[in-house]
Amino acid sequence: MKISTKLLLSFVLCAFITLGVGALGIKGVIRLASALDLTFSNNLVSVSNTAATLNGLVAHNRGLYRLLDASHGDVAQQDRERVRQDIAAQLKAGLSAYASYRTTPLEDDERAAGDKFDQLMPGYISSSEGIIALLDAGQTEQARVQLNTTNNEMFQAGPRTDPRDYRFQQPADQRRLDRGR
């Protein structure tokens, strides 16, 4: 075989190798783009909705404490009503974000956390409504007891249902949260 034929075959072989490596590279880039698309469309949306749900529930729980405090002092009825409306709006916002969270494609651990949250939430809402009814009836001490026991236990169980939310599993953060209430 002549040298020119050998060189030509070598260049053709190198071209095929280059095409093969390029095809593998393109396939990898396409898979990476798909993974990033899923990350931004599902995972980050899921994390964002989880955070919005927790923020709504934290604001709702703080609102219950504000309403309890307003029931003790000489706070005008219109101010108490404003606090009550804020509580309802915060709960609605949290539940809306949660409904959006449940519509995104979820991993198994997220689905399990959502199922547990689904079990806890009706009890928490019922307990919150009971506290508001007790405050409306002027039974502030019973409302305080229910808020600091049953309702608070259900509230604290809610954030822990999300295994990705490590912040609520840290003792220092939990102590800081407890002091804030």
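Computed from heavy atoms alone, side chains included, the values below leave out hydrogens, waters and symmetry copies. Since the structure is predicted, the reported quantities are computational estimates derived from the model, not experimental observations.
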Smallest heavy-atom separation, L64 atom then S128 atom, equals CD1-OG, 3.5 Å

For I87 and G63, work out which heavy atoms get closest and say how close.
-> CD1-O, 3.2 Å

Between the side chain of S96 and the main-chain N/O of K92, is any donor-acceptor distance below 3.5 Å?
-> no

Atom pair CD (E153) and CG (N148), whose distance is rounded to the nearest 0.5 Å | 10.0 Å

Between the side chain of T18 and the main-chain N/O of C14, is any donor-acceptor distance below 3.5 Å?
-> yes

In Å, rounded to the nearest 0.5 Å, how long is the span from CZ of R144 to OH of Y65?
-> 9.0 Å

Cluster link L95 to V58, ILVMFWY, side chain under 4.5 Å = yes

What is the minimum heavy-atom distance between R80 and S71, and which atoms define it?
-> NH1-CA, 4.1 Å

Nearest 0.5 Å please: distance from the CD1 atom of I30 over to the NZ atom of K27.
-> 9.5 Å

Step through the shown structure and confirm whether more than 12 heavy atoms of other residues, nucleotides or ligands are within 6.0 Å of CD1 on I3.
-> no

Note: Y124 and L57 closest approach over all heavy atoms is OH-O, 4.0 Å

How far does CD of Q142 sit from CD1 of I131, to the nearest 0.5 angstrom?
-> 11.5 Å

Which pair of heavy atoms, one from G94 and one from T53, lies closest together, and at what distance?
-> O-OG1, 3.5 Å

Of the options D136, L135, L147, which is the one that meets L67 in a side-chain contact (heavy atoms from CB on, under 4.5 Å)?
-> L135

Verify whether one side chain among Q85 and R82 offers a donor that lies under 3.5 Å from an acceptor in the other.
-> no

Verify, without hydrogens or angle tests, whether T149 (side chain) and V145 (backbone) share a donor-acceptor contact under 3.5 angstrom.
-> yes

L134 with V83, same ILVMFWY side-chain cluster at under 4.5 Å = no

Donor-acceptor contact present, side-chain S10 to main-chain K6, <3.5 Å | yes

Is the CD atom of Q78 crowded by more than 12 outside heavy atoms at less than 6.0 Å?
-> no

Measure the NE2-CD1 distance between H60 and I125 for me, rounded to the nearest 0.5 Å.
-> 7.5 Å

Rounded distance [0.5 Å steps], CD in Q146 versus OG in S127 | 4.0 Å

